[in-house]
Amino acid sequence: MIQKHLATVELKSDLKEQTLRQFELHSPDCKYTVVLRCKDPSTAQAWFNTIQSNTSNLTSKVIAEVKDQLGRTGIAGSREIRHIGWLAEKTIGENEKRQWKPVLVVLTEKDMVIYPSMPRMKESWSSPAHTCPLLATRLVHSGVGRDSPQPGVELSFATRTGTRQGIETHLFRVETNSSLSNWTRQIVQGCHNAAELTKEVTTTCTYRTQQCLLTVHYTNGFSILKDGQEGSMPKLIWQYPFEKLRNSSDDGVRMLFLDFGGRDGEIQLDLHSCPKPIVFVIHSFLSAKIARLGLLA
């Protein structure tokens, strides 16, 4: 028996006839799969829609059960669960061949957390396969997949996260338009909420041979402070609001370039490590501020 509210369902094409007249039910631990074949595509679609709708309606029940299991522990350092569900992620399998694999994705107040299956033990929730900070994550694609064999059938969305190792990309497939809309909305809102929740990010850098601190603040914008010595307070060198930012770029290695249109022209900052995390944070702050002004739907 497969528990419906924890299972994942996929509509599949019949390999011989190339028609969508079968669907699969995967158990929460991804160890068992039931393949159901219908007499025609319309019947398969009807069964799939019913099961998919029921499992989606039980999302709040799943969240409540996970919260009861975790208690005050939370998920991977987060306190809240905003959304949870199964997606198919494109991964590299045997012989370097790309394939879709079911994954459990959890959105908390600050992270997108990915598990290969539903954790059974309380401790397993603290060891996800991937943790993507929403503050450094952006949605880069949502709609019909480029590699879809049948236009309009394969729906997917992709995320990119700025990390110390560069850009981490995840491509997910969903089964319905409503699921695509829900997930993309949850992720975009999650990124904006994370920006408003975090407010400020600070990192060390070198500015004109001086060891400094770069602070990016959701409200106050950008500031460079010279490191204080022997317990003295850091000294403010310059500060600019987001409204003054004309352009930003990076070299993908360690340099960040900011142009505020001042007399000094483009400002160069050596971050001593990959600049992608701070670049993505800047984008999240800007996106959240614009959305808050109502300029985005």
Side-chain angles (χ1 to χ4, degrees), residues 77 109-112 130-141 158-170 187-296:
E109 79 275 13
K110 65 176 184 177
D111 296 315
M112 179 176 72
H130 299 280
T131 300
C132 303
L134 288 172
L135 185 62
T137 298
R138 69 178 69 164
L139 183 73
V140 293
H141 159 75
T159 63
R160 288 182 181 175
T161 303
T163 74
R164 293 290 185 185
Q165 290 72 45
I167 297 177
E168 180 179 317
T169 302
H170 293 275
I187 290 175
V188 171
Q189 290 179 348
C191 296
H192 293 169
N193 292 337
E196 296 183 0
L197 179 67
T198 305
K199 292 291 186 184
E200 180 181 280
V201 173
T202 299
T203 185
T204 58
C205 69
T206 298
Y207 171 65
R208 292 184 174 179
T209 71
Q210 300 182 86
Q211 294 303 309
C212 300
L213 295 174
L214 167 65
T215 296
V216 184
H217 192 280
Y218 177 71
T219 303
N220 301 329
F222 304 80
S223 59
I224 283 288
L225 298 97
K226 184 179 180 181
D227 271 341
Q229 297 180 354
E230 299 180 359
S232 60
M233 294 294 292
K235 179 183 178 182
L236 180 65
I237 298 178
W238 54 254
Q239 185 174 21
Y240 290 101
F242 274 102
E243 292 75 15
K244 291 289 185 179
L245 182 64
R246 291 187 175 182
N247 186 46
S248 65
S249 59
D250 66 274
D251 67 352
V253 181
R254 58 188 295 167
M255 299 299 296
L256 174 66
F257 308 101
L258 301 172
D259 185 358
F260 297 101
R263 296 179 179 178
D264 297 331
E266 186 178 69
I267 296 173
Q268 300 184 21
L269 302 173
D270 185 348
L271 302 184
H272 311 297
S273 62
C274 182
K276 292 302 181 184
I278 201 71
V279 170
F280 276 60
V281 167
I282 293 172
H283 176 273
S284 292
F285 279 167
L286 282 169
S287 180
K289 289 170 74 70
I290 293 173
R292 192 174 185 182
L293 290 173
L295 299 181
L296 289 180

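Heavy atoms only: backbone and side chains are in, while hydrogens, waters and symmetry mates are out. A quick note: this is a predicted structure, and the numbers were derived from the prediction, not measured.
Across Asn247 and Leu245, no two heavy atoms sit closer than the pair O-CD1, 3.4 Å. In terms of heavy-atom proximity, Gly252 sits nearest to Cys274 at O-SG, 4.0 Å. Residues Asn220 and His217 approach most closely at N-ND1, 3.1 Å, considering heavy atoms. Smallest separation of non-hydrogen atoms from Cys132 and Thr137: CB-OG1, 3.9 Å. Residues Ile237 and Cys212 come closest through the heavy atom pair CD1-SG, 3.8 Å.
Between Asp270 and Met255, some side-chain heavy-atom pair lies under the 4.5 Å cut-off. With contacts defined as side-chain heavy-atom distances shorter than 4.5 Å, the pair Thr159/Ile187 qualifies. Contact check for Ser273 versus Arg254: no side-chain heavy atoms found under the 4.5 Å cut-off. With a 4.5 Å cut-off on side-chain heavy atoms, Thr219 and Phe242 do not count as touching. You'll find the side chain of Glu196 reaches within 4.5 Å of the side chain of Arg292, heavy atoms only. A heavy-atom distance below 4.5 Å is not found between the side chains of Val216 and Glu200. Side chains of Phe257 and Leu269 form no contact here, defined as non-hydrogen atoms less than 4.5 Å apart. Annotation: side chain of Leu213 is not in contact with side chain of Ile224 (no heavy-atom distance under 4.5 Å).
Look at Arg246 and Asp259 and you find no salt bridge, because none of the NZ, NE, NH1 or NH2 atoms lies under 4.0 Å from a carboxylate O.
Taken from CD in Glu266 to CG in Leu256, the straight-line distance is 9.0 Å, to the nearest 0.5 Å. A distance of 5.0 Å separates CG of Leu135 from OG of Ser284, quoted to the nearest 0.5 Å. Between the CD atom in Gln268 and the CG atom in Asp250 there is a gap of 12.5 Å [rounded to 0.5 Å]. In this structure, Leu271 CG and Tyr207 OH are separated by 14.0 Å, a value rounded to the nearest 0.5 Å. Taken to the nearest 0.5 Å, the CD1 atom of Ile282 stands 5.5 Å off from the CG atom of Leu258. How far NE2 of His170 is from OG1 of Thr161: 6.0 Å, rounded to the nearest 0.5 Å.
A side-chain contact (heavy atoms from CB on, under 4.5 Å) with Leu225 is found for exactly one of Leu214, Thr215, Thr202, namely Thr215.
Between Tyr240 and Phe222, the ring centre distance reaches or exceeds 6.0 Å. In this structure, Phe260 has its ring center under 6.0 Å from that of Trp238.
Within the 3.5 Å criterion, the main-chain N or O of Gly166 finds a donor-acceptor partner in the side chain of Thr163. In this structure, the side chain of Lys226 does not engage the main chain of Gln210 through any donor-acceptor pair within 3.5 Å.
Thr203 pairs by the side-chain hydrogen bond (donor to acceptor under 3.5 Å, both in side chains) definition with nothing, not counting sequence neighbours. Considering only residues two or more places apart in sequence or on other chains, Gln189 meets the side-chain hydrogen bond (donor to acceptor under 3.5 Å, both in side chains) condition with none of them.
Side-chain contact, Ser287 with His192: a donor N or O sits under 3.5 Å from an acceptor N or O.
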*Mind running side-chain hydrogen bond (donor to acceptor under 3.5 Å, both in side chains) on Thr204 and Gln211 for me, showing each step along the way?*
CA-CA 7 Å; Thr204 58; Gln211 294 303 309; over 6 Å; no
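Under the 6.0 Å distance and 45° angle rule, Arg160 does not count as a cation-pi partner of Phe280.
The number of heavy atoms from other shown groups lying within 6.0 Å of NZ (Lys199) is above 12.
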